[in-house]
Amino acid sequence: MAKKLSKKAQQEENELLENPAALAETLGRGEAFLKKNSKILGGVLIAAILLIGGILFFQINTQNQNEKAQEEMFQAVYFYEQDSVDFALNGDGINPGFLQIVDEYPRTDAANLANFYIGSIYLSEKNFSDAISYLGKFSSDDYLVQAKAYALLGDAYLDSGNLDEAISNYQKAANHKPNEYFTPKYLFKLAVAYEENGQIEEAINTYTEIEEKYYESFEYTGARKHKARLEGLAAK
C-alpha cells in the first residue's frame with residue numbers, strides 16, 4: 001500500500017513539473033494564501049522575533065547582573081566569615097550587605113546564595129521565622145551546601161517547636177546524596193527530633209543506621225549510647 005502511494009505521489013509531482021499551467025496555478029494559490037494571511041503571518045513572525053529577543057536579553061541581563069552582584073557581595077561574605085553579622089546583613093555604609101543583594105539582584109545566583117547566608121545568620125540570632133523564610137528560598141546543585149541548608153531549616157523548625165517540619169528537613173538532609181562526613185550528623189539530629197516527637201522506634205532505627213553504616217563517624221558512640229537508652233525505655 002505504501003509503495004503504491006509513493007508511486008502515485010511521484011507521478012503527480014512529475015505531472016506538475018511537466019505542466020506549466022498546473023504549476024502556475026499551484027504557485028498562484030500559494031501566493032494568494034500569503035497575501036490573504038500576510039498580516040497574520042507577519043504578526044506571528046514578529047512575535048517569534050520578540051520572544052527570542054526577549055529570552056536572549058533576559059539571559060544576558062541576568063548574567064551581567066549576577067556578575068555584578070557577586071562582585072558586590074564579596075565584602076559581605078568577608079564580614080560573615082569574620083562573624084560581623086550586622087555588617088554582613090546590612091552592609092557597612094560603603095559595601096552592600098546580603099539583604100541589599102537579594103533586593104537589588106533577584107533571580108541571580110548571588111541572591112540565591114545570599115538567601116543561605118541570611119538564613120543562617122537569622123538562625124544564629126534565634127530569629128527562626130526569618131531563618132525559615134530565607135533558607136526556604138535557597139536551592140543549590142552543590143550537594144554539601146544543599147544538605148546543609150536542609151539541616152539548618154531542620155534546626156530552625158526544631159527550635160521553633162515545629163517537630164514535623166524539623167523531621168522532614170532532617171530527612172531531606174540525611175537522604176540528599178549521603179556521605180560519610182555529614183550524613184551521620186544529620187541522622188543524629190533526625191533521631192533527636194524523632195525522640196522529642198515521641199517516635200521512639202524511628203529514633204532507635206535512625207541510631208541503628210548510624211551504628212551500622214557510619215561506625216567511623218564522631219556520632220557513632222553517641223548513637224550507640226542513646227540507642228541503648230531508648231531500647232531500655234521501650235522495654236519497660
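If you're wondering where the values come from, they're calculated on a predicted model, not measured in any experiment.
Remark: side-chain polar atoms of Asn175 are paired, donor with acceptor, to backbone N or O of Gln171 under 3.5 angstrom. A donor-acceptor distance shorter than 3.5 angstrom exists from the side chain of Asp92 to the backbone of Ile94, with no hydrogens or angles considered. Within the 3.5 Å criterion, the main-chain N or O of Ala193 finds no donor-acceptor partner in the side chain of Asn197. A donor-acceptor pair under 3.5 Å links the side-chain atoms of Thr208 to the main chain of Ile204, judged by distance alone. Listed for the Ser84 side chain is no donor-acceptor partner under 3.5 Å among the backbone atoms of Phe87. Within the 3.5 Å criterion, the main-chain N or O of Ala110 finds no donor-acceptor partner in the side chain of Gln70. In this structure a side-chain-to-backbone donor-acceptor pair under 3.5 Å is missing from Ser133 to Ser129. Tyr170 places a side-chain N or O within 3.5 Å of a backbone atom of Asp155 that can act as its donor or acceptor partner. Judged by distance alone, with hydrogens and angles left aside, the side-chain atoms of Ser124 form a donor-acceptor pair with the main-chain N or O of Ile121 at under 3.5 Å.
Residues Ala131 and Ala156 come closest through the heavy atom pair CB-CB, 4.4 Å. Scanning both residues, Ala76 and Ala88, for their nearest heavy atoms gives O-CB, 3.6 Å. Taking each heavy atom of Tyr150 and His176 in turn, the nearest pair found is CE1-ND1, 4.1 Å. Listed here is the closest heavy atom pair of Ile132 and Ser160: CD1-OG, 4.3 Å. Residues Ala114 and Val102 come closest through the heavy atom pair CB-CG2, 3.7 Å. For the residue pair Ser217 and Ile210, the shortest heavy atom distance occurs at OG-CG2, 4.1 Å.
Under a cut-off of 6.0 angstrom, the local environment of CD in Glu216 is sparse, with at most 12 non-hydrogen atoms contributed by other residues, nucleotides or ligands.
Looking at Gln146 and Ser139, their side chains come closer than 4.5 Å, going by heavy atoms from C-beta outward. Between Asn179 and Tyr143, some side-chain heavy-atom pair lies under the 4.5 Å cut-off. Residues Phe116 and Lys148 form a side-chain contact, since some pair of their non-hydrogen atoms from C-beta on lies under 4.5 Å apart. Counting only heavy atoms from C-beta outward, the side chains of Leu89 and Tyr122 approach each other to under 4.5 Å.
Linking ILVMFWY side-chain heavy atoms closer than 4.5 Å, directly or via other members, places Tyr78 and Tyr117 in two distinct hydrophobic clusters. A continuous path of hydrophobic side-chain contacts links Tyr80 to Val145 [ILVMFWY only; heavy atoms under 4.5 Å]. Both Val77 and Leu152 belong to a single network of hydrophobic side chains, linked directly or stepwise wherever heavy atoms of I, L, V, M, F, W or Y lie under 4.5 Å apart. The same ILVMFWY cluster, assembled from side-chain heavy atoms under 4.5 Å apart, contains both Phe138 and Val85. Under the 4.5 Å side-chain heavy-atom criterion for grouping Ile, Leu, Val, Met, Phe, Trp and Tyr, Tyr157 is connected to Phe128 within one hydrophobic cluster.
Applying the side-chain contact (heavy atoms from CB on, under 4.5 Å) test between Tyr134 and each of Leu153, Leu99, Leu123 identifies Leu99 as the sole match.
The CG atom of Asn162 sits 9.5 Å away from atom OG of Ser168, with the distance rounded to the nearest 0.5 Å. Atom CE in Met73 sits 15.0 Å away from atom NZ in Lys68 (nearest 0.5 Å). Between the CD1 atom in Ile118 and the CG atom in Asn127 there is a gap of 11.5 Å [rounded to 0.5 Å]. Tyr214 OH to Glu180 CD: the interatomic distance, rounded to the nearest 0.5 Å, is 9.0 Å. From Lys172, atom NZ reaches atom CD1 of Ile167 across 13.0 Å, with rounding to the nearest 0.5 Å. In this structure, Glu202 CD and Glu195 CD are separated by 12.0 Å, a value rounded to the nearest 0.5 Å.
In summary, Glu219 and Arg224 do not engage in a salt bridge, as defined by a charged side-chain N under 4.0 Å from a carboxylate O. Between Lys126 and Asp159, none of the side-chain N atoms (NZ, or NE/NH1/NH2) sits under 4.0 Å from a carboxylate O, so this pair counts as no salt bridge.
With a 6.0 Å cutoff to the six-membered ring centre and a 45° limit on the axis angle, Lys185 does not count as a cation-pi contact of Phe188.
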Problem set entry | Test side-chain contact (heavy atoms from CB on, under 4.5 Å) applied to Glu196 and Leu158, step by step | CA-CA 9 Å; Glu196 288 196 24; Leu158 183 69; 4.0 Å; yes
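Glu209 is linked by a salt bridge (Lys or Arg N to Asp or Glu O under 4.0 Å) to Lys213, counting only residues two or more places apart in sequence or in another chain.
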